[in-house]
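Encoded as structure tokens, here's the structure I'll be asking about.
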Amino acid sequence: EVQLVESGGGLVQPGRSLKLSCAASGFTFSNYYMAWVRQAPKKGLEWVATISTSGSRTYYPDSVKGRFTISRDNAKSSLYLQMNSLKSEDTATYYCARQVYPRYFDYWGQGVMVTVSS
Amino acid sequence: EIVLTQSPTTMAASPGEKVTITCRASSSVSYMYWYQQMSDASPKLWIYDTSKLASGVPDRFSGSGSGTSYSLTINTMEAEDAATYYCQQCCSTPLTFGSGTKLEIK
């Protein structure tokens, strides 16, 4: 059974940093692109970042480019999202997702809440 | 950026009723993807490559469309189908989602 378990969320002040983690199991992690997708409270879904199987290629929308960094450790079947210079508009539930690149996300984690507020 | 506009934003359907949710893209896309999100739960892949049902999705669901207009149809509404449905396009960067259609049971 595919499982994706996020951790690392919480309350953080504007301008500070936070790192999210996602532990994957139930599939060969190194064979899949992985991604982060977020959902602001009562809002829709927004793609945040994608990483290739080896980690050599990463992709971001303009809204987070230069502030967020996605990375992975295939030996640990883990995905990460380093978030710097956080803004109030980054407040959201962040989902780790397995991506059938570039097409769709076939498995999602339960999500982790990040609140950016002073 | 390709903007996906879903309609309606919200709707209610009676059990047994036929339901159609539309997703219009601001530019032509090759395929459309749909996700179901129940209240306080993670999204689930529902339809991929425009018309293929994800594993476990009842066959009363179907997807269709091309170019800039796509749809998700429920042949006969059931109470368990009440959820928010999102469309998503993959292949023009950035990847984008529609704003969602909240479907309720009457």
Side-chain angles (χ1 to χ4, degrees), chain A residues 1-7 9 20 22 24 26-27 32-52 57-68 70 79 92-113, chain B residues 1-10 21 23-26 29-57 61 63 65 70 72 83-103:
Chain A
E1 179 194 5
V2 172
Q3 285 200 313
L4 300 169
V5 180
E6 303 93 335
S7 61
L20 305 181
C22 171
F27 64 102
Y32 287 87
Y33 278 60
M34 296 295 295
W36 290 95
V37 178
R38 69 184 179 184
Q39 185 171 34
K42 305 294 185 186
K43 299 292 185 182
L45 301 167
E46 180 186 15
W47 166 67
V48 171
T50 290
I51 189 166
S52 64
R57 293 183 298 277
T58 57
Y59 309 88
Y60 308 93
D62 287 345
S63 58
V64 306
K65 195 176 295 182
R67 299 190 300 122
F68 288 12
I70 187 172
L79 179 72
T93 296
Y94 285 73
Y95 296 102
C96 167
R98 192 175 82 170
Q99 187 171 2
V100 180
Y101 187 79
R103 294 147 69 204
Y104 56 89
F105 309 102
D106 61 348
Y107 288 94
W108 300 62
Q110 85 286 355
V112 62
M113 185 68 200
Chain B
E1 172 176 325
I2 292 183
V3 176
L4 300 179
T5 302
Q6 289 186 233
S7 60
T9 303
T10 62
I21 298 170
C23 179
R24 296 195 191 282
S26 58
V29 297
S30 300
Y31 296 98
M32 193 59 71
Y33 304 87
W34 295 89
Y35 300 86
Q36 181 198 64
Q37 186 175 33
M38 302 286 232
S39 183
D40 296 323
S42 306
K44 292 181 180 178
L45 177 66
W46 215 242
I47 294 174
Y48 66 100
D49 293 349
T50 300
S51 61
K52 299 175 182 175
L53 302 184
S55 178
V57 174
F61 283 85
Y70 292 82
L72 178 156
T84 299
Y85 294 86
Y86 293 93
C87 57
Q88 173 238 312
Q89 65 83 21
C90 70
C91 301
S92 174
T93 302
L95 184 154
T96 51
F97 292 88
S99 54
T101 294
K102 186 174 183 179
L103 174 61

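Proteins get letters first, then strands, A, B, ... in listed order; numbering begins at 1 in each. The structure presented is a predicted model; accordingly, all values stated were derived computationally and were not measured.
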Problem set entry | Heavy-atom donor-acceptor pair, Gln88(B) side chain to Arg103(A) backbone, under 3.5 Å |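 Present.
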Problem set entry | Heavy-atom neighbours of Tyr31(B) OH exceed 12 at 6.0 Å |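 For Tyr31(B), atom OH is not crowded (no more than 12 foreign heavy atoms under 6.0 Å).
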For this session: For chain A, find which of Thr96(B), Leu45(B), Asp49(B) contributes the most heavy-atom pairs closer than 4.5 angstrom.
Result: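 Top option by heavy-atom pairs under 4.5 Å: Leu45(B).
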Exercise. Distance from Gln37(B) atom CD to Tyr95(A) atom OH, nearest 0.5 Å?
Worked result: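 The CD atom of Gln37(B) sits 4.5 Å away from the OH atom of Tyr95(A).
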Problem set entry | Heavy-atom side-chain contact between Thr93(B) and Tyr59(A) under 4.5 Å |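 The answer is no; the side chains never approach within 4.5 Å.
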Problem set entry | chain B contact via Glu46(A) - which portion, at a heavy-atom distance below 4.5 Å |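 Glu46(A) touches chain B through backbone heavy atoms alone.
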For this session: Flag the one option from Cys90(B), Pro43(B), Pro94(B), Ala54(B) with the top tally of heavy-atom pairs under 4.5 Å to chain A.
Result: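 Among Cys90(B), Pro43(B), Pro94(B), Ala54(B), the one with the most close pairs to chain A is Pro43(B).
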Problem set entry | Positions in residues 34-43 of chain A that reach chain B, provided some heavy atom is under 4.5 Å away |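 So far as heavy atoms go, Val37(A), Gln39(A), Lys43(A) are the residues that approach chain B to under 4.5 Å.
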Exercise. According to the interplanar angle, ranging from 0 to 90°, do the rings of Tyr35(B) and Phe105(A) count as parallel (below 30°), tilted (30 to 60°) or perpendicular (above 60°)?
Worked result: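 Tyr35(B) vs Phe105(A) ring planes: tilted.
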Exercise. For Tyr86(B), is it the side chain, the backbone, both, or neither that has a heavy atom closer than 4.5 Å to a heavy atom of chain A?
Worked result: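 Contact with chain A is through the side chain of Tyr86(B) alone.
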